[in-house]
Amino acid sequence: MVKSTRAIGALSLVALIGLTPWFAGALDAWRAHDVARLAGIGIALGATLLLLAPPGGSPGAAPSPSARALVAFLLGFAVLRALLAAEPAQALREVAVFVGLASVATALGRFGSVQALASVGTAATAAYAVTALLILAVGVLSGTGAPFQRTGAIELFGYSHFRFYNHVQVVAVPLAVGVAALSPSARWRWVGRIGAATSLALLFHSFSRAAVLALTMASVVVVVASLWKRERLGAAGRRWVTEAALAAVAGIALMVLLASLQSPGSAPAFNPQVTGSRDESNLERMSVLRFALGQWAESPLWGVGPMHLAGMRGMIAAHPHNMWLQVAAEWGTPVLLGVVAALAVAGLRLWRALHGAPEGHAAWGLVLLATGVAVAVDALFSGNLVMPMPQLWIALLGGAWLAWWRELPGRAAPPAPMLGRPLVLAMLAIQIWLVVSIAPEVRRLSAHLEALEQRYPNTVVNPRFWSHGWFGEPGPRR
């Protein structure tokens, strides 16, 4: 009973992640980015409390003391680095957000199953994408364009910018295709197909080059792995590739259908950025990359401080649109190397574990590996770990990866909390500090953001923690 209650709790966290854009779309008084930020903080607190629930069932095998010591060291280092930054309170906010995401991933991995996490996430993907497409269709048929695009062509229902949804799709689409290809239930397979096709239709509407490249690389990983380990992964890989191809064709057909229904002279069904020039975007991207590279060169070992690129004049955006460079510039080279090494080791361990895993479990492991590669590729061109909704979906992916390892035959499940109660209490304390620190701003959030815009004038949307992401020295950004 206790175990099933915790599993329901984990799936409820996934459902809340899926429902967040609906909350953001319904609350017109606040920007979608800010609603998602607050929802993410609430979800993280719920996940941490779930980890603190009294353990039940057989005790299993707990992580080694050295593993817990490593996690405690990393947490202590992050807090210390934030306290020594030029703006400690702003840096600590960044640390608290990532601590919360770690809580979400750990809770999902401890209490959820891969199949269940992916299925609930895919149901959320399908519900959102179908709704957004219906709204778009109403706009096209009425000749008014997409009613949810309220600021030029950048807003999408529940998202402050359609690119933020593209980062979500990099996680959601491979998982939806996985459900379509691997679920034992025919109903869930159709949910996966609908979710993948409608989400890809929205991707073709907004046409993110980074997301398309990332999803292409995920497909390449599946194809290569299926050929390499043909006996174990060949059949599942073929099903995944087939479902992905069918979803792409269906997505293109949906958008072509919408385009054919639009009246002459009406707003376009496809986003104007699909056919417009990308020169301005490319020039702005190169500008922020050069600035971040310069900051990295000035402080290669220690970095400028967590979130501190958002506190510097000379940046067009509040982050460099490259997560790897952002980590290097804000945290320093040793942290970047540590992150890359940890992810590489995790990927290699997952790849090797596919050989001994049962066929169905190995197939899900391949999907998770391909999705992880897609996220890493997307991170080369984006701030997918800056925006709250992509952050939550990447935490969902991390939780699915942990659940996959927990469910691997022959591995004993660790008791809850798997990190140890003192460490989880420390994580909870950091998140409570975050809630207390932002409470005065939240009580008058609209006025707070207006004051930020006056203090730091900017002609474009530049979110970081809040939708207006600047702090530090006042004055206009370029």
Exercise for the section: For L289 and H321, run side chain to side chain contact (heavy atoms under 4.5 Å, CB included): C-alpha distance rounded to whole Å, both residues' side-chain angles, the deciding distance at 0.1 Å, then the answer. Expected result: CA-CA 8 Å; L289 288 175; H321 289 75; 5.8 Å; no
Problem - Side-chain donor or acceptor of T333 paired with backbone N/O of P300 under 3.5 Å - result: yes
Practice task
Spell out, as yes or no, whether a donor-acceptor pair under 3.5 Å connects the side chain of H308 to the backbone of E87.
Solution key: yes
Practice task
May I ask you to test the S119-V191 pair for a side-chain heavy-atom distance under 4.5 Å?
Solution key: no
Practice task
Measure the spacing between CG of L45 and CD1 of I432 and express it to the nearest 0.5 Å.
Solution key: 7.0 Å
Exercise for the section: Would you mind reporting whether L396 and V171 have side-chain heavy atoms less than 4.5 Å apart? Expected result: no
Practice task
Output, in order, the C-alpha distance, side-chain angles, deciding distance and verdict of side chain to side chain contact (heavy atoms under 4.5 Å, CB included) for F381 and R209.
Solution key: CA-CA 9 Å; F381 309 100; R209 294 168 292 178; over 6 Å; no
Problem - Under 3.5 Å donor-acceptor, H448 side chain and V442 backbone - result: no
Problem - Pair R31 + E453, salt bridge at N-O below 4.0 Å - result: yes
Practice task
Go through T371 and W393 one step at a time and tell me if the side chain to side chain contact (heavy atoms under 4.5 Å, CB included) criterion holds.
Solution key: CA-CA 11 Å; T371 308; W393 276 87; over 6 Å; no
Completion exercise
Between M255 and A201, the two heavy atoms sitting closest are CG-O, 3.2 Å
Exercise for the section: Using the test ring-ring contact (aromatic ring centres under 6.0 Å, His included), find all partners of W401 that sit at least two apart in sequence or belong to another chain. Expected result: W405
Problem - Separation between NZ of K229 and CG of L366, rounded to the nearest 0.5 Å - result: 10.5 Å
Exercise for the section: Taking the side chain as every heavy atom from C-beta outward, state whether V340 and W324 have any atom pair closer than 4.5 Å. Expected result: yes
Exercise for the section: Please tell me if the side chains of Q391 and F98 come closer than 4.5 Å, counting only heavy atoms from C-beta onward. Expected result: yes
Problem - H33 and W466 aromatic centres sub-6.0 Å - result: no
Exercise for the section: Provide the closest heavy-atom pair for V386 versus P463 in the form atom of the first, atom of the second, distance. Expected result: CG1-O, 4.4 Å
Handout entry: N166 (side chain) donor-acceptor with A211 (main chain) under 3.5 angstrom
Key = no
Handout entry: Heavy-atom side-chain proximity of L175 to L368 below 4.5 angstrom
Key = yes
Exercise for the section: Would you sort out whether M387 and H319 count as a side chain to side chain contact (heavy atoms under 4.5 Å, CB included), showing the intermediate values? Expected result: CA-CA 10 Å; M387 306 309 161; H319 61 94; 3.3 Å; yes
Problem - Any donor-acceptor N/O pair, S219 side chain to L215 backbone, under 3.5 Å - result: yes
Handout entry: Heavy-atom side-chain proximity of L293 to W296 below 4.5 angstrom
Key = yes
Completion exercise
Sorted by chain and residue number, the ring-ring contact (aromatic ring centres under 6.0 Å, His included) partners of Y165 (sequence neighbours excluded) come out as Y128, Y159
Handout entry: Heavy-atom pair with the smallest gap, counting every atom of L423 and A72
Key = CD1-CA, 3.9 Å
Completion exercise
Shortest non-hydrogen pair, L449 vs S467, comes out as CD1-OG, 3.6 Å
Handout entry: Within-4.5 Å side-chain heavy-atom neighbours: S382 and N322
Key = no
Fill in the blank from the handout: Heavy atoms of L408 and A353 approach each other most closely as CD2-CB, 4.4 Å
Practice task
Please check if any side-chain donor atom of H167 sits under 3.5 Å from a side-chain acceptor atom of D378, or the reverse.
Solution key: yes
Handout entry: Backbone of G303 reached by a side-chain donor or acceptor of R81 within 3.5 Å
Key = yes
Practice task
Spell out, as yes or no, whether a donor-acceptor pair under 3.5 Å connects the side chain of R406 to the backbone of G112.
Solution key: yes
Problem - Check: Q90 main-chain N/O paired with E94 side-chain donor or acceptor under 3.5 Å - result: no
Handout entry: Flag, side chain of Q326 to backbone of G383, donor-acceptor distance under 3.5 Å
Key = no
Problem - Within-4.5 Å side-chain heavy-atom neighbours: L380 and M323 - result: no
Exercise for the section: Any chance you could measure H468, atom NE2, to D34, atom CG, to the nearest 0.5 Å? Expected result: 11.5 Å
Exercise for the section: Using the ring of F465 (Phe, Tyr or Trp, six-membered ring only), decide whether R37 places NZ or CZ under 6.0 Å from its centre and within 45 degrees of its axis. Expected result: yes
Practice task
Please report the shortest heavy-atom distance between L402 and G109, naming the atom on each side.
Solution key: CB-CA, 3.7 Å
Exercise for the section: Check the angle between the aromatic planes of H361 and W404 and answer parallel, tilted or perpendicular using the 30° and 60° thresholds. Expected result: parallel
Exercise for the section: Flag the pair R110 and E407 as a salt bridge only when some basic side-chain nitrogen lies within less than 4.0 angstrom of an acidic carboxylate oxygen. Expected result: no
Handout entry: ring-ring contact (aromatic ring centres under 6.0 Å, His included) partners for W351, two or more places apart
Key = W228
Handout entry: Spatial distance of atom CZ (F111) from atom OG1 (T106) [nearest 0.5 Å]
Key = 10.0 Å
Handout entry: Q431 side chain vs A96 backbone, donor-acceptor pair below 3.5 Å
Key = no
Completion exercise
When rounded to the nearest 0.5 Å, the distance separating CD1 of I438 from CG of L38 is 5.5 Å
